[in-house]
Amino acid sequence: MANPTAISFAVVWRALSMPLSLLCAHDLALIYMRHDADAVESIVFDGVTPPSAAALGWTWASARQAFDNMVKACEDQPACKERYPDLGATFIRLVNELEAKPITAKVNVEGVGETKVVVDGGMLLNWFVPVATHLPKEFPSTVDELAHGKAQPIASRWAEVWGRASP
């Protein structure tokens with residue numbers, strides 16, 4: 001089923017009689033092409049793998065590669081290795097511990113106010129994939145702070161990025 005927002009956008013774009021040019025490699029371009037191909041002037045895909053083949057399987061393989069590379073980058077830097085020994089093992093330990101016994105942190109999110117964030121193993125993995133991989137400098141220190149009982153940094157970043165608020 002097509003995304004109603006995407007269709008609405010295509011309808012408005014068509015009503016304005018403007019050519020629609022897209023640069024994307026996801027379902028949105030496919031929705032536009034299916035809904036109103038005549039309104040699309042050009043599309044540039046940066047890949048040719050259909051979404052059905054590229055979804056979750058590649059996400060976790062890519063996340064693993066990113067994890068290994070980030071851990072290795074820390075191990076290859078003497079100062080990082082000394083300050084954050086066993087970074088990879090610490091992260092994996094935290095995932096398992098927090099999945100068994102989650103912790104809760106309250107953070108102040110601009111525009112939302114005090115926000116409760118539950119930090120469990122699943123949240124930690126889900127933080128890593130889109131957040132830590134895009135902010136690799138924060139990864140070692142955030143893992144270390146969490147390992148030392150300080151959940152505020154990861155909870156703040158999670159609430160900031162995802163708005164998983166429950167006031």
Side-chain angles (χ1 to χ4, degrees), residues 1-9 22-31 45-47 49 51-167:
M1 173 138 200
N3 180 323
T5 304
I7 292 173
S8 297
F9 181 73
L22 303 169
L23 173 61
C24 51
H26 51 73
D27 288 334
L28 188 59
L30 298 174
I31 291 168
F45 286 100
D46 66 358
T49 304
S52 59
L56 288 177
W58 284 3
T59 299
W60 291 111
S62 295
R64 177 57 192 248
Q65 184 177 16
F67 176 79
D68 291 344
N69 289 340
M70 291 166 67
V71 168
K72 184 176 180 334
C74 184
E75 290 172 349
D76 289 348
Q77 299 173 52
C80 187
K81 184 177 181 174
E82 183 178 334
R83 180 155 183 182
Y84 310 111
D86 300 318
L87 178 62
T90 300
F91 181 80
I92 292 167
R93 177 181 55 79
L94 286 169
V95 168
N96 291 318
E97 287 177 1
L98 291 168
E99 190 59 26
K101 189 177 177 187
I103 57 176
T104 301
K106 289 194 178 192
V107 297
N108 190 13
V109 178
E110 187 176 330
V112 176
E114 188 173 83
T115 303
K116 180 175 79 172
V117 178
V118 176
V119 181
D120 62 16
M123 178 272 198
L124 191 54
L125 287 173
N126 284 308
W127 163 81
F128 176 80
V129 175
V131 181
T133 57
H134 288 82
L135 303 165
K137 284 185 174 183
E138 292 182 12
F139 177 66
S141 62
T142 304
V143 170
D144 185 65
E145 288 170 324
L146 188 56
H148 289 93
K150 298 176 187 168
Q152 295 300 112
I154 193 169
S156 292
R157 181 62 77 182
W158 181 257
E160 239 176 63
V161 173
W162 295 109
R164 305 253 176 175
S166 53

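For the single chain, residues carry numbers from 1 onward in sequence order.
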- Message: Check this for me, if you would: do K72 and D68 make a salt bridge, where the nitrogen-to-carboxylate-oxygen distance has to be below 4.0 angstrom?
- Response: no
- Of all heavy-atom pairs between R93 and A147, which one has the smallest distance, and what is that distance? NH2-CB, 3.9 Å
- Task: Show the numbers, then the answer: is there a side-chain contact (heavy atoms from CB on, under 4.5 Å) between K116 and V107?
- Result: CA-CA 7 Å; K116 180 175 79 172; V107 297; over 6 Å; no
- Message: In the structure I gave you, are the side-chain heavy atoms of L87 and F139 within less than 4.5 Å of one another anywhere?
- Response: yes
- Message: Looking at every heavy atom in both K81 and E75, which two are closest together, and how far apart are they?
- Response: CD-O, 3.4 Å
- Query: Looking only at atom types and distance, does a side-chain atom of T115 sit under 3.5 Å from a main-chain N or O of G113, one as donor and one as acceptor?
  - Reply: yes
- Message: Among D120, V118, L146, which residue satisfies the side chain to side chain contact (heavy atoms under 4.5 Å, CB included) criterion with I103?
- Response: L146
- Check whether any side-chain heavy atom of F91 sits under 4.5 Å from a side-chain heavy atom of L124, and report yes or no. yes
- V95/F128 under side-chain contact (heavy atoms from CB on, under 4.5 Å): CA gap, chis, key distance, verdict: CA-CA 11 Å; V95 168; F128 176 80; over 6 Å; no
- Message: What's the separation between atom CD in E82 and atom SG in C74, rounded to the nearest 0.5 Å?
- Response: 11.0 Å
- Message: For a quick test of reading the model, state the closest non-hydrogen atom pair linking P136 to M70 and the distance between them.
- Response: CA-CE, 3.7 Å
- Query: More than 12 non-hydrogen atoms from neighbouring residues, nucleotides or ligands closer than 6.0 Å to CD on E99, yes or no?
  - Reply: yes
- Item | Residues which pass side chain to side chain donor-acceptor pair (under 3.5 Å) with D86, listed by chain and number, not counting sequence neighbours | none
- Minimal heavy-atom distance between V129 and A63, with the atoms involved, is CG2-CB, 3.8 Å
- Task: To the nearest 0.5 Å, tell me how far T90 OG1 sits from E97 CD.
- Result: 9.5 Å
- Heavy-atom closest contact (Y84 atom, S141 atom, distance): OH-CB, 3.5 Å
- Query: With a 4.5 Å heavy-atom cut-off, do I154 and W127 have their side chains touching?
  - Reply: yes
- Between CD on residue Q152 and OG1 on residue T142, distance to nearest 0.5 Å: 12.5 Å
- Query: Would you call K150 and D144 a side-chain contact if the rule is heavy atoms closer than 4.5 Å?
  - Reply: no
